[in-house]
Amino acid sequence: MQPEPIFDLAHLGHMELLTPKPDESLKFFIDVMGMTVSGQKGESVYLRGWDDYERYSLKLTASKTSGMGHMALRARSQQALERRVAALKGSGFDIGWIDGDMGQGPTFRCRDPDGHIVELYYETEWYQAPPALKPALKNQAQRFPARGVNVRRLDHLNCLAVDIKANREFFENYLGCRLTEQIVLNDGREAAMWLTMSNKSYDFAYSLDHSGVPGRFHHVTYALDSREEILRAADIFLENGVYIETGPHKHAIQQTFFLYVYEPGGNRVEVANAGARLILAPDWKPIVWTEEERKKGQAWGLKTIESFHTHGTPPVEVKKHP
């Protein structure tokens, strides 16, 4: 029996991406991805897609290595935030309250079982476009940039983890997330999970890290409006010398139309069109994919590229995936 969904959390708000090549990474996100700078503090630059309603969805931070600094999940209300904090306190996963980041109110930090930092917050700054970026339609956050790929909004992220089951139980039991799809290997181990906080089919995913090193990152994904825009993005990446890892193609799991590239700092970035899949059923039963089914590859038969199982950030030496 699945845990009862709690729905105290609303969505993935932003994530912090670490890069050892801050100038090159920033140029990639502005000129190629088409994102807009909405703030700068210390070694970090804050960026947004043109229809992200919050001030930013990506915090890009100069670092000695690549990877994820933290992910941030917005609660549905201050009371909802306090309920999740109460559930976490004394769990061994709690870190404590911190002053909010740019455009963000008081924030509670915790760790998942793999060591990834997760921030929970409610108070946030809604983006106010300056005159030069004011949209023609008032129900749009910002003027369409007409630059590069023109990513619309943050869609999801994917972390690597040594123990997928432990992380699934953490997000279900302490944060109230719903499992929508998963991969279970022949030996019973859980190899991947897709979870949601809303009616989206997923807000984030976790995949098994075959290196055995905890706390690593797989990719961040920004949404485009159509499959055709993903194809155009492939041309734009090609023209800008960006390494295309795999795609364009369609995932079997979640049916997302995808394209994966590496940004200059070494982090994997996806642009995707998630289609019209929504989880409307209150009694949704998670879809379980077997090892044999996954060996068939993606929806139309494209085999999953080897680097998809081995490349994560920060980089480590990994054994060859079987």
Side-chain angles (χ1 to χ4, degrees), residues 2-3 12 15 17-18 65-71 73 93 110-118 155-175 177-196 201-221 245-247 249 251-256 258 260 262 266-270 272 286-299 302-322:
Q2 294 297 311
L12 172 66
M15 63 88 59
L17 195 66
L18 308 178
T65 188
S66 50
M68 182 180 79
H70 71 269
M71 71 171 86
L73 313 178
F93 300 117
C110 60
R111 283 190 185 88
D112 68 19
D114 210 66
H116 301 98
I117 302 296
V118 181
D155 189 80
H156 67 271
L157 58 77
N158 188 317
C159 290
L160 292 165
V162 175
D163 187 337
I164 297 297
K165 182 180 179 181
N167 282 274
R168 173 179 58 78
E169 292 176 342
F170 165 79
F171 281 103
E172 287 178 333
N173 297 332
Y174 291 100
L175 301 186
C177 301
R178 280 200 297 175
L179 177 71
T180 59
E181 302 198 33
Q182 65 178 159
I183 299 172
V184 178
L185 302 178
N186 293 340
D187 62 8
R189 285 182 301 151
E190 297 180 20
M193 65 180 191
W194 287 257
L195 292 100
T196 184
S201 56
Y202 62 117
D203 284 289
F204 62 94
Y206 273 48
S207 303
L208 186 63
D209 195 327
H210 298 279
S211 73
V213 177
R216 298 208 304 148
F217 182 67
H218 197 269
H219 71 266
V220 61
T221 301
E245 180 186 34
T246 185
H249 206 79
H251 282 302
I253 297 174
Q254 302 290 359
Q255 298 192 30
T256 308
F258 67 84
Y260 291 94
Y262 296 168
N267 297 291
R268 181 187 286 106
V269 176
E270 180 188 22
I287 306 299
V288 179
W289 298 84
T290 67
E291 197 169 327
E292 285 72 23
E293 288 169 334
R294 293 310 308 127
K295 286 178 180 177
K296 294 178 181 177
Q298 301 306 322
L302 179 72
K303 296 301 180 184
T304 304
I305 194 168
E306 179 68 20
S307 60
F308 205 72
H309 298 294
T310 58
H311 180 84
T313 51
V316 296
E317 289 293 326
V318 296
K319 299 176 182 177
K320 187 175 176 60
H321 181 65

Candidates Val269, Leu157, Thr313, Asn158 - the one meeting side-chain contact (heavy atoms from CB on, under 4.5 Å) with His219: Asn158
Sole candidate of Thr196, Ile287, Ile253, Leu195 that passes side-chain contact (heavy atoms from CB on, under 4.5 Å) when paired with Thr180: Thr196
Look only at the side chain of [X] and the backbone of [Y], and say whether a donor-acceptor pair between them is shorter than 3.5 Å.
{"X": "Arg294", "Y": "Gly297", "value": "yes"}
{"X": "Thr290", "Y": "Glu293", "value": "yes"}
{"X": "Asn267", "Y": "Leu18", "value": "yes"}
{"X": "Asp114", "Y": "Val162", "value": "yes"}
{"X": "Arg268", "Y": "Tyr262", "value": "no"}
{"X": "Lys296", "Y": "Lys303", "value": "no"}

On a heavy-atom basis, which atom in [X] and which in [Y] lie closest, and how many Å separate them?
{"X": "Glu190", "Y": "Leu208", "result": "O-CD1, 4.5 Å"}
{"X": "Thr256", "Y": "Ala272", "result": "CG2-CB, 3.5 Å"}
{"X": "Ile164", "Y": "Ser207", "result": "CD1-C, 3.4 Å"}
{"X": "Pro314", "Y": "Arg216", "result": "O-NH1, 2.9 Å"}
{"X": "Met71", "Y": "Cys159", "result": "CE-SG, 3.8 Å"}

Asp203: salt bridge (Lys or Arg N to Asp or Glu O under 4.0 Å) partners, not counting sequence neighbours: Lys200
Ring centers of [X], [Y] separated by less than 6.0 Å:
{"X": "His116", "Y": "Phe217", "result": "no"}
{"X": "His309", "Y": "His218", "result": "no"}
{"X": "Tyr202", "Y": "Phe204", "result": "no"}

Trace of the side chain to side chain contact (heavy atoms under 4.5 Å, CB included) decision for Val220 with Glu270: CA-CA 6 Å; Val220 61; Glu270 180 188 22; over 6 Å; no
Tyr206 and Leu160: CA distance, side-chain angles, deciding distance, side chain to side chain contact (heavy atoms under 4.5 Å, CB included) verdict: CA-CA 6 Å; Tyr206 273 48; Leu160 292 165; over 6 Å; no
Side-chain donor-acceptor pair present, Glu306, His311, cut-off under 3.5 Å: no
Side chain to side chain contact (heavy atoms under 4.5 Å, CB included) evaluation trace for Asn186 with Glu292: CA-CA 8 Å; Asn186 293 340; Glu292 285 72 23; 2.9 Å; yes
Plane angle bin for Phe170 and Phe93 - parallel if under 30°, tilted between 30 and 60°, otherwise perpendicular: perpendicular
Close side-chain approach of Val118 to His70, heavy-atom, < 4.5 Å: no
Student check: side-chain heavy atoms of Cys177 and Glu172 closer than 4.5 Å: no
By side-chain hydrogen bond (donor to acceptor under 3.5 Å, both in side chains) - contacts of Glu169 (at least two apart): none
Criterion side chain to side chain contact (heavy atoms under 4.5 Å, CB included) on Met68 and Leu17, from CA distance to verdict: CA-CA 5 Å; Met68 182 180 79; Leu17 195 66; 5.6 Å; no
Atom pair CD/CD of Gln255 and Gln298 - distance to nearest 0.5 Å: 11.5 Å
Residue that, paired with His251, satisfies ring-ring contact (aromatic ring centres under 6.0 Å, His included) out of Phe258, Trp289, Trp194: Phe258
